[in-house]
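Let me begin by presenting the structure, written as structure tokens, before commenting on it.
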Protein chains: 2
Amino acid sequence: MSPLTDSGPLRADSARVRAQMLAAARARIGEGDLDLPMNAIAKAAGVGVGTAYRHFPTRQALLEALAVQSLAALVADAVAGAADPDPAVGFTALLRNGLRLLRDDPTLAAVLSSTEPPCLATTTDLNAQLGGAVQTILERARAEGVIRPDVTADDIRRLICGVQHAVAAGQGDDAADRYLDILLAGLRP
Amino acid sequence: MSPLTDSGPLRADSARVRAQMLAAARARIGEGDLDLPMNAIAKAAGVGVGTAYRHFPTRQALLEALAVQSLAALVADAVAGAADPDPAVGFTALLRNGLRLLRDDPTLAAVLSSTEPPCLATTTDLNAQLGGAVQTILERARAEGVIRPDVTADDIRRLICGVQHAVAAGQGDDAADRYLDILLAGLRP
DNA sequence: ACCTGAACACCGTTCAAGT
DNA sequence: ACCTGAACACCGTTCAAGT
């Protein structure tokens with residue numbers, strides 16, 4: 001069973017290698033270093049480069065594996081938002097939570113704003129779940145008349161990534177809340 | 001006179017090398033290749049790598065040199081917008097023109113959304129001119145009551161780069177106009 | 001079967017040697 | 001003075017050889 005199928009349990013040592021690589025990559029990212037040299041990560045994880053490539057054939061695959069946690073959290077938030085009694089509250093909560101997750105995890109921003117199709121089936125699944133939940137939120141908000149009628153789930157994904165980009169294009173100031181507010185105001189009908 | 005001072009005329013051959021490098025870099029970018037390998041550009045321009053580095057000590061310097069045209073055009077647009085009889089018109093024209101220039105020139109996006117200070121004095125100058133003109137536009141629009149009072153020139157820079165990012169995070173669709181509209185609506189008081 | 005790491009190609013950057 | 005390109009360090013990626 002290849003790790004690439006990402007279905008079924010891995011052998012114990014394979015899972016260990018995978019975890020060590022992810023930990024090494026996260027350590028690098030934690031130090032602000034956003035690019036992930038395969039050679040360096042393999043060495044830090046104590047495995048040969050070939051083994052590293054067997055687990056993550058491309059840097060994008062590694063990036064997606066790192067982002068799975070945050071992406072799953074975002075899906076959970078979106079599902080919760082879709083079930084909120086007040087559609088407007090669910091909608092604003094989605095944007096607020098999304099922006100927070102994007103700020104806390106740079107790999108999520110990389111995965112969410114990528115134009116390429118995902119490497120991992122898990123990412124594809126989570127993306128689909130996210131799209132479904134966001135669409136539900138939008139339909140309910142639209143029925144309530146609290147958002148522009150022409151906004152799609154894909155628009156929301158792109159716009160929230162754009163706001164994150166704007167927030168990141170400055171020093172650690174109070175921009176996040178203000179920009180989120182501007183986006184919310186702009187999305188009202 | 002070193003080319004790095006970017007003041008005063010260059011010797012004829014130096015100017016030729018510079019132009020050849022910029023042309024080679026633009027050719028690469030034109031093919032969608034956004035990173036600029038110094039070795040490859042030096043070879044394409046027919047000069048040694050050392051000479052390439054004397055002209056552009058870092059890739060950021062090369063990027064800024066490529067962006068100067070677009071940045072100057074944006075400054076001109078902003079100055080024109082600041083002189084518009086109708087502050088609201090000047091303001092919307094600024095955002096519209098800015099987004100168009102960002103879409104047409106990927107190097108402008110790289111330079112405008114960079115958090116690092118510029119390499120070239122020219123970039124610093126143009127940035128300052130741009131900031132001044134945008135601030136004038138904002139003050140006039142604020143006096144007219146057509147924008148939120150707390151929006152700064154830096155916010156505008158970051159937000160327009162964010163919208164560009166959102167536009168770029170999709171296929172060639174009609175997103176640019178819609179996202180610009182959302183931003184404009186969000187910026188109203 | 002799986003893992004290793006030498007090996008090849010490539011890019012950034014410097015600097016001794018040329019003119 | 002200025003230019004050249006060999007040279008060194010580094011990273012991506014593959015694959016023959018080991019276990």
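None of these values were measured; they are calculated from a predicted model. Protein chains get the first letters and strands the later ones, always in sequence-line order, with residue 1 at the start of each.
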(request) Determine which bases of DNA chain C form Watson-Crick or G-U wobble pairs with both distances under 3.5 Å, and write the result as a 5' to 3' dot-bracket string with | for other-strand partners. (result) ||.|||||...|||||.||

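Under a 3.5 Å cut-off, the side chain of B:Glu64 and the backbone N or O of B:Cys119 do form a donor-acceptor pair.
A side-chain donor from one of A:Asp155 and A:Thr152 sits under 3.5 Å from a side-chain acceptor of the other. Residues A:Asp105 and A:Thr107 have side chains that bring a donor and an acceptor to within less than 3.5 angstrom of each other. There is no side-chain donor-acceptor pair under 3.5 Å between A:Asp125 and A:Thr122.
Checked against D:dC3, C:dC11, D:dC11, the side chain of B:Arg54 finds its nearest nucleotide in D:dC3. In this structure, of D:dT14, C:dC11, C:dC3, it is D:dT14 that holds the atom nearest to the side chain of A:Tyr53.
Sparse packing is recorded around CZ of A:Arg96, with 12 or fewer heavy atoms of other residues, nucleotides or ligands lying under 6.0 Å away. The environment of A:Glu139 atom CD is dense: over 12 non-hydrogen atoms of other residues, nucleotides or ligands sit within 6.0 angstrom. Within a 6.0 Å sphere centred on CZ of A:Arg148, heavy atoms belonging to other residues, nucleotides or ligands number more than 12.
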Output a table of nitrogen or oxygen pairs between the protein and nucleotides 17-19 of chain C separated by less than 3.5 Å.
none

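Only one option out of A:Ile160, A:Asn97, A:Leu74 pairs with A:Leu102 in a side-chain contact (heavy atoms from CB on, under 4.5 Å); it is A:Ile160.
If you check residues 40-52 of chain A against DNA chain D, the residues with a heavy atom closer than 4.0 Å are A:Val49, A:Gly50, listed by number.
Between B:Arg178 and B:Asp181, none of the side-chain N atoms (NZ, or NE/NH1/NH2) sits under 4.0 Å from a carboxylate O, so this pair counts as no salt bridge.
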